[in-house]
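Starting from 1, each residue takes its place in the sequence as its number. Both ligands and their constituent atoms are indexed starting at 1 by order of listing. These numbers come from a predicted model, not from an experiment.
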Amino acid sequence: MDKIVSLCRRRGFVFPSSEIYGGLGSTYDYGHYGVLMKNHIRSLWLRAMVQERDDIVAIDSAIILNPAVWEASGHVAGFSDPLIDCRTCKLRFRADRLEDAQCGRKPSKRPGEFSECDLTEPRQFNLMFETQVGAMEDGSSKAYLRPETAQGIFINFKNVSQLARRKPPFGIAQVGKSFRNEITPGNFLFRVREFEQMEMEFFVPPAEAEQWYRYWIEQRYSWYTGLGIRESMLRVREHDESERSHYSSGTSDIEYQYPIGWQELEGVANRGDYDLTQHTKASGTKLEFVGQEGDRYTPYVIEPAVSIERIFVAMLCEAYDEEVVGERERTVMHLHPLVAPVKAAVLPLVPRDEGMSSRARALFEELRRRHTVEHDDSGQIGRRYRRQDEIGTPWAFTIDDQTLEDETVTVRDRDSLSQERLPISGVAAWLDDALQREWRSPKT
Ligand code: ATP
């Protein structure tokens, strides 16, 4: 993980936040390439979830909702983790994750393993961030930053099912920031307090819930393998009854083998009719499906939920490689071309050469209308290739002497390092086509 963090910083993907003020623990800002890569992940998710389907629509609900939403959903009473303090080293730990925690003392051991450790009994710590709405600072103005995007979907069930004229099975998808005051954030972006969730609530007739639950586990798993994650690095782990929320009749984690071990990348849950029933009871508005013949029922909900951050880290870990090529070492990010921040680089071999420079600039301007591409004319060509390898750019188009003779360019492939020549006029179509091709990780 340290190598990934250092590459992210060196190449401007992600920086520690508020750095000039000493930072703020486990908070990060995204630089240019990080923003581009996040945008690609978000749009690939929306494409699979909304654009390419007939049965899912999008929503963007508010971050600060009426606090009654969180009472009804059970978050005010129960969205908590068990917290343990150590009176000796003053550190805090999650009681259910002690096996992954480290005591503040050296040599590193788990909390409770030194004779001096003095741990408190676990107590419940609510993870919701509180805030005030309006100028009054009394209890009546208390509100919360949402800890998940899902509730903003449930409370809009009636609006969407009526206005979008949908009947189950159908889904509502949302992408947006969620906030959790995690007791032990860490492992880079894996557990942060502010993250961008992508959740989809799929409403189904109760009798079909199990079938749709299995369907969504399969769909989401394939989404990852389709984006180049190796099957050997992914697994589905079904929760046993003791791990599930009381309302869930099935929860599975799609886990990725992060450098910190197998961990939840995405969760898929069968939430039953719990959420719609709770909001119906608390708001007095019936959140149910009413058919043409007056038949009515409360749909069950299947929810795939993930954060961009967990995908971002998994993709970076999956891509990172160090290789020796022609006796030189290179660090390369084998990112799926659709995820890579920059799709192609345009490189004039001799930047001072007017013929090369003008052709490179014209090609760059043509390509950037359709894709995120980069023009780089500084430094030796080898250094420029290495730089693109480190940010995971799948292809580089080099304008050289031969271009001036026959109007062709060299295309260099990041993974195989093969080079071929293409007519400069065909590069845009070639790139469109290359981005549609199936891609497999060269890593074994
Ligand atoms: P955990 O047990 O790891 O705290 P959770 O089971 O509470 O996670 P969910 O409530 O199921 O997580 O959240 C759905 C998804 O949101 C997770 O699968 C994960 O991708 C993402 N997620 C949750 N918490 C965080 C966080 N603190 N930082 C980044 N992503 C998160």
For His239, state whether at least one heavy atom is located under 4.0 Å from any atom of ligand 1.
no
Parallel, tilted or perpendicular: which describes the rings of Phe188 and Tyr28, with under 30° parallel and over 60° perpendicular?
perpendicular
Minimum-distance protein heavy atom relative to atom 15 (C) of ligand 1:
Ala305 O, 3.6 Å
Which residue holds the protein heavy atom closest to atom 1 (P) of ligand 1, what is that atom called, and what is the gap in Å?
Arg191 NH1, 3.6 Å
Under 4.0 Å to a heavy atom of Glu266 - the qualifying atoms of ligand 1, by number:
18 (O)
I'd like to know whether ligand 1 has Glu196 as a neighbour, heavy-atom separation below 4.0 Å.
no
For ligand 1, note which part of Arg94 has a heavy atom under 4.0 Å away: side chain, backbone, both or neither.
side chain
Ligand 1 N/O within reach of Glu182 N/O, cut-off under 3.5 Å
yes
The protein heavy atom nearest to atom 10 (O) of ligand 1 is Arg180 NH2, 3.0 Å
Closest to atom 22 (N) of ligand 1 among protein heavy atoms sits Phe195 CE1, 3.7 Å
Under-4.0 Å salt bridge between Arg180 and Glu194:
no
Note: Lys443-Asp321 ion pair, threshold 4.0 Å (strictly below):
no
Salt bridge present between Glu99 and Arg110 (N-O < 4.0 angstrom)
no
Looking only at protein heavy atoms, which one is nearest to atom 2 (O) of ligand 1, and how far off is it?
Arg97 NH2, 3.4 Å
Please determine if Val192 has a nitrogen or oxygen closer than 3.5 Å to a nitrogen or oxygen of ligand 1.
yes
Is Asp376 salt-bridged to Arg387, cutoff N-O under 4.0 Å?
yes
Could you tell me if Asp432 and His371 have a donor-acceptor pair between their side chains, going purely by distance under 3.5 Å?
yes
Ionic contact status for Glu374 with Arg384, cut-off 4.0 Å
no
Using a 4.0 Å heavy-atom cut-off, say whether Glu194 meets ligand 1 through its side chain, its backbone, both or neither.
neither
How about Phe13 and Tyr30: are their ring centres within less than 6.0 Å of each other?
no
Between Tyr256 and Trp262, is the ring centre distance below 6.0 Å?
no
NZ/NE/NH1/NH2 to OD/OE distance under 4.0 Å, Arg146 and Glu148
no
Give the residue, atom name and distance (to 0.1 Å) of the protein heavy atom nearest atom 11 (O) of ligand 1.
Glu264 OE2, 3.6 Å
Can you tell me if Gln197 contacts ligand 1 (heavy atom of the residue under 4.0 Å from the ligand)?
yes
Min heavy-atom dist Leu265 to ligand 1 below 4.0 Å
yes
Ranked by distance from atom 30 (N) of ligand 1, the top protein heavy atom is Ser307 OG, 2.8 Å
Please list, in number order, the atoms of ligand 1 under 4.0 Å from a heavy atom of Phe190.
28 (N), 29 (C), 30 (N)
